[in-house]
Amino acid sequence: MASDIEIARAATLKPITEIGARLDIPAEALESYGSTKAKVRSDFIAGLSDRPDGKLVLVTAINPTPAGEGKTTTTVGLGDGLNRIGKRAAICLREPSLGPCFGMKGGAAGGGHAQVVPMEDINLHFTGDFHAITSAHNLLSALIDNHIYWGNALQIDTRRITWRRVMDMNDRALRQIVSSLGGVANGFPREAGFDITVASEIMAILCLASDLADLQKRLGDIIVGYRRDRSAVTARDLEADGAMTVLLKEAMQPNLVQTLENNPAFVHGGPFANIAHGCNSVIATRTALKLADYVVTEAGFGADLGAEKFFDIKCRKAGLKPDAAVIVATVRALKMNGGVAREALGEENVEALVRGCVNLGRHIENVKSFGLPVVVAINHFVSDTDAEVAALQAYAAEQGVEAVLCRHWADGSKGTEALARKVVEMVEGGTSNFAPIYPDDMPLMAKIETIATKIYRADGVAADKSVVDQLERWEADGFGHLPVCMAKTQYSFSADPTLRGAPTGHIVPVREVRLSAGAGFIVAICGEIMTMPGLPKVPSANHIRLDADGQIEGLF
């Protein structure tokens, strides 16, 4: 089997205007970046508002493991499969970050014969969206320190500045820094730090904003720090929102590319799935829904993080009503949940698979609790045995859902035709009764407890009095209606990444809460969450280079 990048290079890409034409997007509504990628103009998108929406399908997964699950690959494969059976379908994905690309994860554009292309462009600079977000974020950082330097008329308490700087790279040395050293001319020294760009609140804002006016309002609402009396200072107070919007004007327009089978794909935005909501942009999803009969999108990490935030934050804020959900699972990952070591995953072990299936069962129950019909997609690996697949399908049947074997990595849309037909059956059956799991007017602490007990199956939440008091202050300040964004490990239902399967009886520790006033949610930090990753001992960057013909090697 050829590598992912070899498969991508061998594909015959069509001009992006042809891809747009499949969705009735005229050539003049596309701002092309070369011949195979383009942005969809905002004025064209504004003219779509009166059109009816297509059907929205979420692809989520079990908790991620080192064995791999293949959520993006399955999203691409399902989109291709729906087009194969005659449906007008588009997919919506997040943009990859340079940090993981050069770190340890590699690219994030699907795999095998289920990829979005041009793969190298999408995984690297693409259309410059992340650079624009980084620039807008750091402009605000510069304006904060500049304001303090020139007299601090807003009386910002330099000990209570919450706005950090960002860059789209993994660099542990920048997590905590001291800035403005070097004397009077360089300002007032203070402790600061960097996050990775995908963790920026501006990334979350861009992915939740409905248009440029909404974008500027949200940017202005960003709280950058506090005065000594604990009153908030916003980006609007610093008169930063206008210039930041200018930097993000082009980035707000969704990107159109294609799959290996020349089907339309919107790849736009990429908020961190831990610290933010982990979904592609609202504007891309809404645009796709106006242009396609079926839209397939994904949410980051497992369903306990990604799907819950997709439902409770993105859908709530954007007024979206999904019609069905697909939970991706692999035999390998479920065996790892059942206690099998990574090096032994290629050996048949039905008993361990069945033990590990409790993780899948918990996710099935959770997604069903939002009122959606569910199907399990078994992302096939060549080491899977017939007995293991049969045991997984039998377990799913006991949970009242069907588990469909998918071979899209090897066979493209031919390998997802059965899944596509099952999705259409569920959607056209009209059985979705979608609803978030908590109302807007529920107290903030109660929202956190609801997610912890209903989704994570915890016995409760542990939070210091300072956390509870902060939540109550935000409620008094008018932020009580906001949804909560749980920031915890993706590897477990609990806050302990080593607890695989479906743990119960645990306590979720909320050590800190943060107000993302511009994005419009409260972040609850559960355990240790890293917002600036580091590089591994041998990073992927060590193996990425150009060959003698100028082709990229080692990217994926």
Side-chain angles (χ1 to χ4, degrees), residues 11 14 18-25 51-61 70-94 109-117 254 256-267 279-280 284-299 307 310 320-328 367 372-380 401-432 434:
K14 292 185 176 180
E18 290 189 27
I19 304 302
R22 294 192 55 179
L23 295 176
D24 297 330
I25 304 174
R51 293 193 185 186
D53 286 343
K55 302 297 185 181
L56 182 59
V57 179
L58 174 70
V59 176
T60 184
K71 188 166 68 263
T72 300
T73 307
T74 303
T75 301
V76 177
L78 176 55
D80 283 339
L82 287 165
N83 279 289
R84 181 183 180 90
I85 65 173
K87 301 299 180 182
R88 179 169 158 139
I91 63 172
C92 288
L93 300 172
R94 292 178 294 167
H113 290 276
Q115 298 185 54
V116 284
V117 283
L256 179 67
V257 290
Q258 61 193 287
T259 70
L260 290 176
E261 299 189 14
N262 309 120
N263 293 313
F266 292 90
V267 181
C279 311
N280 75 298
T285 304
R286 281 179 169 171
T287 300
L289 285 168
K290 297 299 183 184
L291 297 170
D293 296 328
Y294 280 79
V295 174
V296 184
T297 191
E298 68 171 5
F310 176 83
L320 299 174
K321 294 188 176 181
D323 297 277
V326 177
I327 301 176
V328 180
V367 176
L372 291 181
V374 176
V375 61
V376 174
I378 306 173
N379 184 18
H380 180 261
V401 303
E402 185 175 342
V404 180
L405 187 63
C406 302
R407 301 177 185 269
H408 43 288
W409 189 88
D411 299 332
S413 63
K414 180 181 177 182
T416 53
E417 189 171 337
L419 177 64
R421 294 191 186 281
K422 178 61 181 179
V423 166
V424 170
E425 175 190 319
M426 292 193 306
V427 169
E428 295 187 353
T431 56
S432 174
F434 169 72

Using a 4.5 Å cut-off on heavy atoms from C-beta on, say whether the side chain of [Y] contacts that of [X].
X: Phe266; Y: Leu23; result: yes
X: Arg94; Y: Thr72; result: no
X: Val424; Y: Lys55; result: no
X: Val59; Y: Ile91; result: no

Shortest non-hydrogen contact from [X] toward [Y]:
X: Ala410; Y: His113; result: O-CD2, 3.2 Å
X: Met426; Y: Val375; result: CE-CG1, 3.6 Å
X: Gly54; Y: Asp323; result: O-OD2, 4.4 Å
X: Val427; Y: Ala324; result: CG2-CB, 3.9 Å
X: Pro264; Y: Ile19; result: CA-CG2, 3.7 Å
X: Gly79; Y: Ala89; result: O-CB, 4.1 Å

Nearest 0.5 Å please: distance from the [atom1] atom of [X] over to the [atom2] atom of [Y].
X: Thr431; Y: Glu425; atom1: OG1; atom2: CD; value: 9.5 Å
X: Leu58; Y: Glu298; atom1: CG; atom2: CD; value: 9.0 Å
X: Leu256; Y: Leu291; atom1: CG; atom2: CG; value: 9.5 Å
X: Gln115; Y: Leu260; atom1: CD; atom2: CG; value: 5.0 Å
X: Leu56; Y: Leu320; atom1: CG; atom2: CG; value: 6.0 Å
X: Ile327; Y: Thr74; atom1: CD1; atom2: OG1; value: 12.5 Å

Could you check whether any side-chain N or O of [X] sits under 3.5 Å from a backbone N or O of [Y], counting only pairs where one atom can act as donor and the other as acceptor?
X: Ser432; Y: Pro322; result: yes
X: Arg22; Y: Asn262; result: yes
X: Glu261; Y: Gly412; result: no

Test side chain to side chain contact (heavy atoms under 4.5 Å, CB included) applied to His408 and Leu419, Val76, Asn379, the passing residue: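 Single pass found, and it is Asn379.
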Going by the salt bridge (charged side-chain N to carboxylate O under 4.0 Å, His left out) test, which pairs reach into residues 75-92, not counting sequence neighbours?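 Residue pairs with at least one partner in residues 75-92: Asp24-Arg88, Arg84-Glu417, Lys87-Glu428.
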Could you please spell out the steps behind the side-chain contact (heavy atoms from CB on, under 4.5 Å) verdict for Gln258 and Asn263? CA-CA 5 Å; Gln258 61 193 287; Asn263 293 313; over 6 Å; no
Assess the side chains of Asn280 and Thr297: does a donor N or O sit below 3.5 Å from an acceptor N or O?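 Yes, because at least one side-chain N or O of Asn280 sits under 3.5 Å from a partner of the opposite role on Thr297.
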